[in-house]
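Counting convention: from 1, in listed order, for ligands and their atoms alike.
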Amino acid sequence: MKIDLRSDTVTKPTKDMLDAMMSAEVGDDVYKEDPAVNALESRLAEMFGMDEALFFPTGTMANQTALKLHTNPGEQVICDKYAHIYNYEGGGASFNSGISCKLINGQRGMFTAAQAEEAINPPDFYHSPLTSLIEVENTTNKGGGACWDFEELKKIREVADKNNLGYHLDGARLWNAMVAKKQTPKQYGQLFDTISVCLSKGLGCPVGSVLIGKKELMSGALRVRKILGGGMRQVGYLAAAGLYALDNHLERLADDHRKATVIGEVLNQLSFIKTVEPIETNIIIFELDDNISETDFLNKLKEKNIHIIGMGSHKLRMVTHLDYTDSMHEALLTVLKAL
Ligand SMILES: *Cc1c(COP(=O)(O)O)cnc(C)c1O
């Protein structure tokens, strides 16, 4: 039995999801004639109480489009030093939008409104880049699935308003945050100008992300998506997976969170583990004692057909997901306890 905890992106569509995909009604989405895509987009716009939504092949493309919509070349986006847009999108912020990132030294990928305010370059000081956007990530990926304090997000909105800045949420794992903190999409829709959400992580779809936002920003989104090469045709087969997942895979994220917490408790008992970061959702980040080789540890797990990944700086990561079954969970705990 292969136990793959490298990421929640490794899931495969369930039989029922495949059936929903195969029976999708499709059309040419570049002409906006794909009924399944249109249904997914309007459902998400409505769910978040926002004006418009647009389907994307990847979360990276959705985020990159948002950056482009909020900025002009030469400007600056404020984000945490752990931000996905800074660390894991191939340098796209500079490549696609010609912008730089002003990094905040936050905690587990999160920062305070005061830190955001301090990071804004004075607009009349023409030597520094013009700040145009604040970007946050919920849950934080590199921060170990941490969830933002909603009150802090509100305070950052006030900072953005006061300084005339856009406010984008990278919500690749927002579903996890909302389930863990019992929050609603509308709460987030009221706060942000644009939000990207991912369908192919916790929700278990094979492909897909959606950018949701205010009309005045989203009016340019189709063009940017086209420029980035993301105009797709009969893509309703994939949108149908998203519709299915929203109906069937949302509430169950609580199972992933529960399993992650139990794994964390077991790891905490092991003598050679230095720290386990607090677990709020489905990501477990932990550190081995300095005298234990990461490679040896990873190989030892691999011998048992258990796969996890290194995050750099001596940190290791496991992510629970739809395809991580109860029996895999039992097997993993048995192996860990015997290490
Ligand atoms: C996965 C992820 C994305 C998007 O990734 P894609 O692989 O391009 O879909 C964006 N932000 C965060 C925080 C992520 O974890």
### Message
Strictly below 4.0 Å, N to O, side chains only: are K201 and D256 in salt-bridge contact?
### Response
no
### Message
Under a 3.5 Å cutoff, is there a donor and acceptor pairing between the side chains of N305 and H307?
### Response
yes
### Task
Report yes if E89 has an N/O atom closer than 3.5 Å to an N/O atom of ligand 1; otherwise report no.
no
### Message
Other residues, nucleotides and ligands only: do more than 12 of their heavy atoms fall within 6.0 Å of OH on Y88?
### Response
yes
### Message
Heavy-atom distances under 4.0 Å decide this one: backbone, side chain, both or neither, for T9 against ligand 1?
### Response
neither
### Query
Could a heavy atom of R173 be found less than 4.0 Å from some atom of ligand 1?
yes
### Task
State, without any angle test, whether N176 and H257 hold a side-chain donor-acceptor pair at a distance under 3.5 Å.
yes
### Task
Hey, can you tell me if Y324 and H329 have their rings parallel, tilted or perpendicular (30° and 60° cut-offs)?
perpendicular
### Test applied, salt bridge (charged side-chain N to carboxylate O under 4.0 Å, His left out); reference residue, E117; option that passes from K162, K155, K102
K162
### Query
Going by the order shown, which atoms of ligand 1 are within less than 4.0 Å of some heavy atom of T58?
8 (O), 9 (O)
### Task
May I ask you to list the atoms of ligand 1 that are less than 4.0 angstrom from any heavy atom of E137?
13 (C)
### Task
Would you kindly specify which portion of K201 sits under 4.0 Å from ligand 1, judged on non-hydrogen atoms: side chain, backbone, both or neither?
side chain
### For atom 8 (O) of ligand 1, the protein heavy atom that lies nearest, with its residue and separation
T60 OG1, 2.6 Å
### Query
Which atoms from ligand 1 have a heavy atom of N63 less than 4.0 Å away?
10 (C), 11 (N)
### Message
Among all the protein's non-hydrogen atoms, which is closest to atom 11 (N) of ligand 1, and how far away is it?
### Response
D170 OD2, 2.6 Å
## Note on the structure
Per-atom filter on ligand 1: closer than 4.0 angstrom to a heavy atom of N141 are 13 (C), 14 (C), 15 (O)
### Message
Considering both backbone and side-chain atoms of A172, is one of its nitrogen or oxygen atoms within less than 3.5 Å of a nitrogen or oxygen in ligand 1?
### Response
no
## Note on the structure
atom 9 (O) of ligand 1: closest protein heavy atom, distance to 0.1 Å, is G59 N, 2.8 Å
### Task
Might you work through the side chain to side chain contact (heavy atoms under 4.5 Å, CB included) test for F55 and D34, ending with a clear yes or no?
CA-CA 11 Å; F55 187 65; D34 187 300; over 6 Å; no
### Task
For N248 and D16, test the side chains for any donor-to-acceptor distance below 3.5 angstrom and give the result as yes or no.
no
